[in-house]
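These notes are about the structure you will find just below.
We count ligands from 1, going down the list as the structure has it; atoms in each ligand are counted the same way.
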Amino acid sequence: MKIKNTISLILMTLGIILVLVGMVAKNLPSRDMSVDTGNKINGELPIPVLLEDENPEDGVSDFTLNAAEGFTDFYENSITPTMGYNGTFLGPVIKVRKGDQVNMHVNNQLSDSTSVHWHGLEVEGTVDGGPLQVIKKGGTWDPSFTVSQPAATLWFHPHVMGSTATQVYYGLAGMLIVEDEESDALNIPKEYGVNDIPLILQDRSFNEDGSFYYGTSMMMMDGMIGETLLVNGAITPNLTVEQVKMRFRILNGSNARNYNLRLEGGESFHQIASDGGFLEDPVIMDSLLITPGERAEVIVDFSQFKKGQTVHLMSGREKVMTFKIGDPGQDDTVIPEKLTEIEPFREEDALKEKVIVLDGSGHMVSINGKQFDINRIDDQVVKDTLEVWEITTSGQMMMGGAGHPFHIHSTQFQILSRNGKIPELNERGWKDTVFVGKNERVRLLVQFKHTGLFMYHCHILEHEEEGMMGQFEVTEN
Ligand code: C2O
Ligand code: CU
Ligand code: CU
């Protein structure tokens, strides 16, 4: 016992010395920063920790997020300056319950201003965490809200003018899970980290020295597309799965890349949730398009594979990650026929109609001919009233312009139609981000339950930064 302790102490000290020597050798700032030296290439899929609720009281939760800079080892022999929440890259998963009061405590330990936006959460404007709630360097922010929406996979990320795209790229993002009585009652895979797994999809480019490459050239007109795919902050990782049903909460946390996901053999899977929660019925799919900001929950039944098999998750022709098939395992979960009830909004109940034209491509983008101005309110909406928002694209030239993932804060909307047709089965649930392809016309039924100032924008983060964002105010009447 004693000898073991001494050895581990020596090893730990050696480890620390090695890291310090490494930092000096690379001329990196020797500030008080955390370093993650876990190698992240073709390794095990990292599962983000569940953030501890500091409040023992039932019905109230307190969570602390520290946004800080650090270093992460993606490749051997190189170290990448990164940013993370409570760690060096990405953040923990925050789990909240419908009906609970949640008190967030955010500390900004970055050398720059930031903000934390709760993407998909229906809350008052003052706690939304958009560009109006800047947390200065060294500052703190303590928003409180009551969770009033059904079980869903949401997320959080910075939203500060001029630095959103880079801060997300450097690693600031995390998943926010809402649970409720309905999600408790369903006999679907729901054991976090066991058969309920978050998959945060991102892409990055690296310089020779291991640092991230960030730049949008003419070649990368519509946002930063990285050369390397990351899942939960690891490069093409592996997940060993038993031959059971597994649920994946997929988040496209990339700045600009769309993923067209499929299992390499074309095997089908079930989509059970979209951005804002469960679909009414599971939808059988063999590929899934997920654009920046969107989430999808899917169940893959691995009992169709054999022990020792490897199954790649692909996006187009690129490998995203690998499932290694393990033992038969025990599985009493089901894919229910009915997941939830969604009361459809009715077009005839809409009081107003707004037209939103996403203009341009590349670095020249705007909405309805205007670039974002924090001092201008573009639209007014009355709380609890239904509106039709028609989203179209215009002026996408040359090679650019694959389309725009359009996102609205503080709401879960319904898609009324896509190009005049009823949307696909997996787009008939709650959404907060919708892809509007080139020359498409997507009509939404939108309603807000909370007042305040909010944003709508393209979730290609470089388009957002370049002005493809508008501001609207929700008022009592
Ligand atoms: Cu996910 Cu306004 O953003
Ligand atoms: Cu948002
Ligand atoms: Cu866009």
Side-chain angles (χ1 to χ4, degrees), residues 114-125 127-134 145 149 152-161 163-165 167-169 172-176 200 202 216 220-225 251-258 275-276 290-295 356-368 371-372 374 391-397 400-413 430-438 440 442 446 448 450 452-472:
T114 191
S115 82
V116 182
H117 167 57
W118 320 106
H119 178 131
L121 200 67
E122 296 172 81
V123 288
E124 297 290 319
V127 295
D128 179 60
L132 300 166
Q133 284 94 42
V134 175
F145 49 81
Q149 65 199 89
T153 300
L154 315 178
W155 64 302
F156 55 95
H157 62 78
H159 214 309
V160 67
M161 294 275 300
S163 314
T164 300
Q167 289 186 2
V168 172
Y169 194 78
L172 290 176
M175 194 175 270
L176 175 65
I200 303 174
Q202 297 180 311
T216 54
M220 297 171 181
M221 283 184 53
D222 287 288
M224 176 64 202
I225 305 280
L251 156 65
N252 184 341
S254 306
N255 285 35
R257 180 189 281 265
N258 292 347
D275 300 335
I290 185 162
T291 70
E294 285 187 301
R295 286 88 60 214
I356 292 179
V357 184
L358 305 171
D359 299 311
S361 70
H363 303 286
M364 298 290 293
V365 288
S366 58
I367 293 182
N368 291 339
Q371 291 205 312
F372 180 67
I374 201 160
I391 324 296
T392 57
T393 63
S394 90
Q396 299 201 30
M397 29 179 203
H404 307 277
F406 181 73
H407 169 53
I408 312 175
H409 284 210
S410 194
T411 186
Q412 292 295 334
F413 53 75
W430 298 109
K431 295 284 294 166
D432 57 52
T433 307
V434 61
F435 184 65
V436 186
K438 196 172 182 171
E440 282 200 308
V442 180
V446 189
F448 300 89
H450 300 274
L453 278 173
F454 301 101
M455 309 292 146
Y456 54 69
H457 57 90
C458 174
H459 221 287
I460 291 179
L461 296 180
E462 289 74 19
H463 281 181
E464 180 206 315
E465 298 272 31
E466 275 151 4
M468 194 174 256
M469 176 153 73
Q471 195 170 199
F472 63 97

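Looking only at atom types and distance, the side chain of D359 has a donor-acceptor partner in the side chain of S366 under 3.5 Å away.
Using modelled atom types, no side-chain atom of E122 and backbone atom of H450 make a donor-acceptor pair closer than 3.5 Å. Of the possible polar contacts, none joining the E464 side chain to the H159 backbone as a donor-acceptor pair under 3.5 Å is found.
Among the atoms of H119, no N, O or S atom falls under 2.8 Å of the Cu ion (ligand 2). Residue contact annotation: H407 places no N/O/S atom under 2.8 Å from atom 2 (Cu) of ligand 1. Look at H159 and atom 2 (Cu) of ligand 1: an N/O/S atom of the residue is under 2.8 Å from the metal. The nearest N, O or S atom of H409 is closer to atom 2 (Cu) of ligand 1 than 2.8 Å.
Paired with V442 under the rule side chain to side chain contact (heavy atoms under 4.5 Å, CB included), one option of V436, I356, T393 passes, and it is V436. Of the residues H459, H407, K431, the one that meets the side-chain hydrogen bond (donor to acceptor under 3.5 Å, both in side chains) test with E294 is K431. Screening Q202, M175, H119 for a side chain to side chain contact (heavy atoms under 4.5 Å, CB included) involving L251 leaves a single residue, M175.
Shortest distance from the Cu ion (ligand 2) to H407 is reached at NE2 (N/O/S atoms only). As for H119, its N/O/S atom nearest atom 1 (Cu) of ligand 1 is the one called ND1.
When NE2 of H459 and NE2 of H157 are joined through atom 1 (Cu) of ligand 1, the resulting angle is 110° to the nearest 10°.
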